[in-house]
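Please read the structure below before turning to the comments.
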Amino acid sequence: MNILEIRNLSVKARTILGTASLLSIQVLDLGAGEILGIVGESGSGKSILALTIMGLLPTNVRATSGSVTYRGQDLLRSSARGLSARIRGKEITMIFQDPMAALNPVFTVRQLLEEVIKEHHPDYDSKRVRGAALEMLQLVKLGDPEVTLQKYPHELSGGMRQRVLIAMALSSGAKLLVSDEATRALDVTIQAGILKLLEDLRNKLDLSTVFISSNIALAATVCERIGVLYAGELIESGPAREVIADSRHPYTRSFLASLPVPERKGQPLPIIAGRSPDPLNRPRGCSFAGRCPIVEDRCRAEKPPMLQVSDGHDVLCHKGGTHQ
Amino acid sequence: MTRDSGTTGALSGDTLLRVEGLKKYFPVRGGFWQRSVKWVRAVDSVTFNINRGEVLGLVGESGCGKTTLAQMIVGIYPPTSGRIELDGIDLGKSLQSRNLKTKRKVQIVFQDPFWSLNPRKMVRDIVGEPLVVHGVALGSTVVRKVGDLLEMVGIDRARLFSYPHEFSGGERQRVAIARALALNPSLLLLDEPTSSIDTLSQAEILNLLIEVRNRFSLSYVLISHDLSVVQYLSDRIAVMYLGKIVEIGDTRRVFRARLHPYTEALMAAVPMIHASGEVSDVKPLEGHVPSAINPPPGCRFEARCYKRQDVCAVEEPPLRAIEDPEHLVACHFTNV
Amino acid sequence: MAVSGDLTFQRRAGRALESSRTFVKLLFRNRLTGAAFVVVTLLVVVALLAPVLAPYPDDGRGVVNPSERFQKPSSEHIFGTDDMGRDILSRVIFGTRISLSISLVTIVAAMLIAIPLGVIAGYFGGFIDEILMRITDVFLSFPPLLIAIVVASFLGPSLENAMIAIVIAWWPWYSRVIRAQVMAAKERPYVSAARCIGTSDWKIMFSHILPNTIAPVIIQASMDLGCVILTAASLSFIGLGAQPPQPEWGLIVSSARTYILDAWWYSVFPGLAILVTVLSFNLIGDGLREVLDPRTRVR
Amino acid sequence: MGKFLARRLFTGAFVLFVVVTVAFLLAAVVPSDPAEKWVGPHATSEQKAAARIELGLDKPLVVRYVNYLVNLVKGDMGMSIVSHRPVSVELAEAIPNTLELVIWSVALAFLAGLFLGVYSAYKENTALDHFSRFFSISIISTPSFWLALILQIIFSSTLHWLPLTGQMDTVLKLTHPLTEVTGLPLLDSIITGNWTVAGNLALHMVLPVLTLSSFSLALTARMTRSILLEVLNEDYIRAARAYGLKERVVLWRHAIKNVIGTVVTMLALSAGNALVNTFVVEAVFSWPGVGNLIARSVMNLDYPAIIGVTVFAAIAYVLLNLVADIVIALDPRVRLAQGGN
Amino acid sequence: MKRKLMAFLGLALAVTLLLPGLTGCKKAAEAPLSVTYVLYADPMVDWDPARSWAAEDVMMQNVYETLVRVGPDGKYIPLLATSWQESEDHLKWTFQLREGVKFHSGKVLTAQMAADSLNRTLEMGKSACYIWDGVEEIKAVGELTLEFVLERPLPLLNVVSAAYAAYIYDPSHTTEWYTAPNADGTGPYKFVSYVRDSEVILQKFPDYWGGWPADKKTFEYAILKVVSEAATRRQLLTNGEVDIVEQVPADDLAALAADPNIKISNEPSYQQLYAFLNTQKPPLNNKYIRQALSYLMPYEDIIRYVMLDTATQARGVVPPTLWGHNPDAFQYTYDEAKAKELLALGGKPNGGFKLLYTYTAGDKNEQRVGELFKDALARVGIELEVRGMTVDSKYNLARDPDPLKRQDITMLYWWPDNYDPQGYYYSQFHSEEEVGFNLGGYSSPTVDALIEEAIDISGTSIEAAIAKYHEAETIIIEDAPAIFIYCENYVRPYRADLMGFVENPVYPNVVFFYDLYKGGD
């Protein structure tokens, strides 16, 4: 059973230079208890996807069509007020790329955490709120929670901040966690710790997770399924192993082939020329047509369809599934 | 024209750069009169050398001092103490003390290709400036030479009169490389050269760097937090932790042996996709990097180390050769 | 704003500004800014052609015409006449010259003092910086108008002295802005790159850094053009600036004060002239800032 | 924090010292003979000479300067050469009146400006936002002296709602004498329950306060709006919303707390500007405050008084800067910068 | 907490803004009768009656008294002195003081106190003390008898009635006490309170020797209110908030005259406007050029457009209502043709030179005279720079040791310190070593001698003195060291229900509150 279903979603922004098409997803599903990886380079629309699910898009950015359905409720149709009252923060929650920026610098950890707990448990007295706060900090494996509670965000290290943020995110008892590059600002050793924590929490709390990352290897280590974004479009999605070992979209393939992995040491990497299209000025056909090694005329003329390669493995390509 | 970079050992070639006991302490200002009272030991007694045509990769977590080290070699920061020799000549403390001749031998390519090119200048001026400053070319020859340089890095000569904002990130990085190459340096410092550009462009830059290295027999100091880039490009690798080199040696050997527990933890934490499509698992390292203001007296990694014993807290392990004279490790217990 | 890393099109918009055509297009997208530009252009034309455009150029120069005192606005005197029978429209038109030149001259003078000092202090730091910062500390510890009042009162009331006072009050602000910008810019990699290449300090300062730091100063200056007009008018109003019969707007309003009950037009029109001019400069400054620096800060 | 404030106090003292020195030197080099003013134009040269000694002008400049500094520390700013009264006394009479004007206008600017700014930011790009922005920038572009005149034309000359000028009806002083408690007339009248006088004072205060606060108000509104817009776009606001906090809490607790420090800082500095603007406003409204005092002193070249007012303004401004610094220093983020860099 | 604070502030603000609506409208009906006189600037500069020499007389003439006062008609009115006698040789005067005069402090006036206070004034030597030149001794010769011993004959009544330096006050107070500010005189009103640049409040002195008429509604309080804005002054008057207003701009008079509730007192004064010509600097060192300028002053336009007929063209040195005026003196008129002839005589037939006209910045009348003069001069090829300066810098420039550095034309108003033309002549046209008020630097031995003689004999024979003055005046007019522009009227609008107000040019701008009472119902 899918906890989240995205269909024909299109997100656009009004900017001083014109209308920018930021995100376009035909089909994307997230099963209950599943970790779904969304990978893509910066500017590919990953964060927009996160904000769309959360209903937190900036004022000049709007989902213009399609649906984002959470347990049968279309999040795009709910009014902002209704969304926040019923779903956002209660059912769906989010952690952010830069925990320092996501923790209000003028409050202590205690104030931040207790406020969220009080919001969701209005019946708790202050003692119980305090207890719950400590519990949450223990849950995210923060050593010395009593001390941590007294601190301001800037007094914590990057990893601790991210754990505090996760504690806040999970205080509501949400079932769906959107993690927007939650480890990007962290060193690799710390990053690995957070990944472990997310896996633990998923198991412990039966949490479904949208794990957004620019690092496909990272996503592959934690996710069952992966979706690849390129220039705001979901071009391939499927089981993680399959997408990596048997990728069908030329972009995914080029991308993986150009990684400087140890086995390629001493060999030149394959080169894909060109740059990703301007969101203000999308090409008529396939977004990747300008760089694609197997491009055909129709790729430049018409938008490619989403083709199923195998069960749960879709690819957005005119030549979907066919190796050259 | 590729060659197996693995064969170039430190002993086999002639030494280009010698760095000896290099230190950089930054003052922490405090107190009523803003007098410095504490020091951040960003780089603490670092010694190594690089051969002609060799690529040394510097890895370590943020704040380990790798960027400071590189910038000292280029001369952007004067070192607190220590010696930097290029071709046997002492480079002196700061840029001011270096003459044009030595300056041109060491050049740098920065991480952020947006800010490393002056946004108000045309490519001709950006790449041509070193030529003009050093009197290598004048007038129309500048344009010709800049054109040659651009072509060498794979940019159309016709774009001489474009501004940086008209280029993509990868192209900008090529322009930066062209500028660095304009003076025929013998050593190029690459400070995270690909971390701000997308993966597809990264491949181009890496290819270009290898090509250029081979063509001019250049040496690189490559700084990157991305271990895959480092292992791909470098002949030797130095792992830094809290201002010190904890392990240094041939890239393949270090990647395989991982003698220092920190190297081990670092490499275990990096997720990697192998050419086969296999994905390696990650292992976290517990604890936090201690402050560089008051580093622990013994081994700096002591607090987070699983091999930790009493001696580690009091005695600083020296950098010594294990197995191979070129593979140095600073750990008391590499044999255990 | 880490989460909107995806909104790189906004950064791209910033880069697009490097091309001047886009820049102008963006600037004029805001209709108010466009209108302000038109108004300022008109004001400049009016100032240049004052003797041609003014219906009674002699009145603008101060020639009195006592038999036509206090004429209500009419087709003959669109803004009416003042207590000496002069055509107020002509005086306001001639006043454009004074106000525009005050603002331009003082701002340029302040910048000429401030920019070299700010660049040098910011680039070299150390002792020079320390001295400059202590000086600016003192100046910044005061409202500019107060400095202007004190200086003007010591120098004696005249338009020239008011301008000197304004320059004295203003330059440290620019020095500060420039210095901060230079401090930030000198950490940019392209400066390090230039240093590694061996480019001389002077060339780095004035060829690499200055062009990249000038934008905030330009924004500040465009706002200050209006602010200076206000300050000068205030000084004239309290008797420390222009002296009669100069057609300075603040001075005209000051003279009109006495007749506020019977001759509303006398104070209303020159006051409106100040308002419209300053408003235009402020709108342009706002527009520039919105385009050049989306993270708007208000001084 | 303590050290930080100590350093700021030190800087403040330095600024004051420079101000006093510069003002004193300026007064000394300006070609105007205080002695002649002291005795008047008809005086004989013997009288002038006596006056020079009386005023200490016969002593060398350095001695006069040191004397002035010593006296200043004791609170003695010398005698006005025009009114022959101690400058400190004249200042002491004028300050409360100005202070009351400034306090009320700053309070008004803060409340109304904050409200307008928050509302404008929250309704970004609506007609109301556009109106409020245009209103603010127009107010900022309006010369305060002209605004004062226009307000007078409307509310006094035409509508007859409010008095044209002055601080209170003189007759009331006789019928309802005011007991002095704090020295601030309106506050005193409220404290002592002298409602007739309080009402009258307030009535007279409306136009000056409106004029004086207009600039700060508009500035506050603009500032609040732009910072709030920035803050509302911060991740921690997104986070607060993402964690289900109510919009009211997000706006008035999380967002405002990050805005208010900057606004208060700016307002503290703009209070200094308001102080100077009183020079103009007091002139128009015949308000017996510091502005009026300096206007008169400037016209008469009464240098001791000019220096006195300048020093007072400097002290006020240094104090306000200090307030701003304290507000900044209270922000935990600054403590980070203080401790950690 | 913060929200509460803000709410409180908001509430407080709202209350203060709304309060007026509730209470402010009800004017206190039980208020005692008061009269308010509005001035444009704070009159109180120096509170010491011995030193006061500015507009303080507006207040002091009501709080302090002199021995004698000069009435509007020029007659001497006994005040603290009930009678006086002059000795045969004119060198000794005896004044009999009024009995039972009380100071505000309650002390009773004695001749000794009167002598002491005048002697203190003389010792301090400030302000207008020069008027006592020629008095050798002032002493009390009886409980209420005051004797003045003179060095030379003087018109002593004009001295003891002066607006400055002639007050009788309690000499036992210290200078500090007086400047506190305090006042202790014998006048009909006592000093109550003072707010700088705002107001002086005086209260009826119940023990005033003159008593208070029971049948008239005299004023319990007299208030001097400072309102620098002319428009406000006018509005306060039309609203009925004040009773008399000083120096309303002539432009407002038409509107005020139309108001039935307002009367306007428009009386000639002793105040004349002079334009001093720098007689020591070319080209104005040439008599013909100076005469030419005198012919070029557009007198009629000035009277009509600047003064709106609240002034008359000056005739000679002395204003028409003061003794010593010569109704037959020569009067220049605007005459371009004559001026051109004179310019030719002076060697400048086509003008072609530039002059600097300096006036006190802020003085509209001086400024406008300058602007009109500039126009007139431009017609004959003379360029006039009209420059406003602070009083100080204007004087400093005029007193520059080097006459060539001084301005060409300096504007000056003159009015007497006492009822005597001597100041007009001596201060303005007698040679000076250092420039005082002879701002043209005029020096003529003949005129000097005539003025000195006139002053000397004024103590014995006014008529003889007048003759001498006229003789000097003829020469001065011929030499034209100054242009005599106009003699102002004092224009004072007041509420129609205010009774008893009479303009007294001897004491310019003073309103004698004792004479006033409320008319009507």
Side-chain angles (χ1 to χ4, degrees), chain A residues 14 47 50-51 53-60 80-81 83-108 111-113 115-120 122 151-156 164-174 177-178 180, chain D residues 1 119-130 225-265 326-341:
Chain A
R14 280 175 293 118
S47 295
L51 296 182
I53 296 170
M54 294 305 299
L56 287 175
L57 288 170
T59 44
N60 62 331
R81 204 171 284 275
L83 187 69
S84 70
R86 285 181 291 111
I87 302 169
R88 184 206 302 153
K90 296 190 169 56
E91 299 276 329
I92 315 179
T93 194
M94 178 175 180
I95 54 177
F96 295 78
Q97 181 179 140
D98 179 359
M100 184 64 214
L103 295 171
N104 197 333
V106 296
F107 294 108
T108 60
Q111 289 170 313
L112 288 167
L113 199 50
E115 190 169 49
V116 178
I117 292 169
K118 266 185 253 169
E119 181 73 40
H120 295 288
K151 302 229 164 147
Y152 280 98
H154 66 257
E155 296 170 310
L156 303 173
V164 169
L165 198 66
I166 294 172
M168 282 171 71
L170 298 181
S171 292
S172 60
L177 173 69
V178 179
D180 182 17
Chain D
M1 173 89 179
Y119 205 64
S120 188
Y122 207 62
K123 305 261 167 194
E124 194 196 352
N125 281 330
T126 59
L128 207 132
D129 178 34
H130 291 310
R225 179 184 179 275
S226 76
I227 302 175
L228 191 61
L229 278 180
E230 219 171 279
V231 167
L232 284 177
N233 216 10
E234 294 282 356
D235 273 359
Y236 57 78
I237 294 301
R238 282 203 189 90
R241 287 183 178 145
Y243 302 155
L245 297 185
K246 288 187 192 76
E247 203 52 37
R248 184 172 50 81
V249 179
V250 171
L251 184 67
W252 288 105
R253 196 164 136 77
H254 283 253
I256 285 297
K257 197 160 179 192
N258 284 277
V259 171
I260 219 125
T262 325
V263 171
V264 168
T265 307
I326 291 172
V327 172
I328 295 170
L330 287 177
D331 187 325
R333 282 167 294 186
V334 177
R335 274 184 245 152
L336 158 83
Q338 291 299 313
N341 96 66

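Every chain is numbered from 1 and lettered A, B, ... according to where its sequence line falls, protein lines coming before strand lines. Everything numeric in this text was worked out from a predicted model, so none of it was measured.
Heavy atoms closer than 4.5 Å to chain A are found in the side chain of Val249(D), but not in its backbone.
The candidate with the highest count of non-hydrogen atom pairs below 4.5 Å against chain D, out of Ile95(A), Ile92(A), Leu165(A), is Leu165(A). Of the listed residues (Ala102(A), Pro153(A), Ser171(A), Pro99(A)), the greatest number of heavy-atom pairs within a distance under 4.5 Å of chain D belongs to Ala102(A).
Ring geometry for Phe96(A) versus Tyr243(D): interplanar angle over 60°, hence perpendicular rather than tilted (30 to 60°).
At a threshold of 4.5 Å between non-hydrogen side-chain atoms, the residues Leu51(A) and Arg238(D) count as touching. Looking at Val164(A) and Leu113(A), their side chains never come closer than 4.5 Å, going by heavy atoms from C-beta outward. In this structure the side chain of Leu103(A) never reaches within 4.5 angstrom of the side chain of Tyr152(A), judged on heavy atoms.
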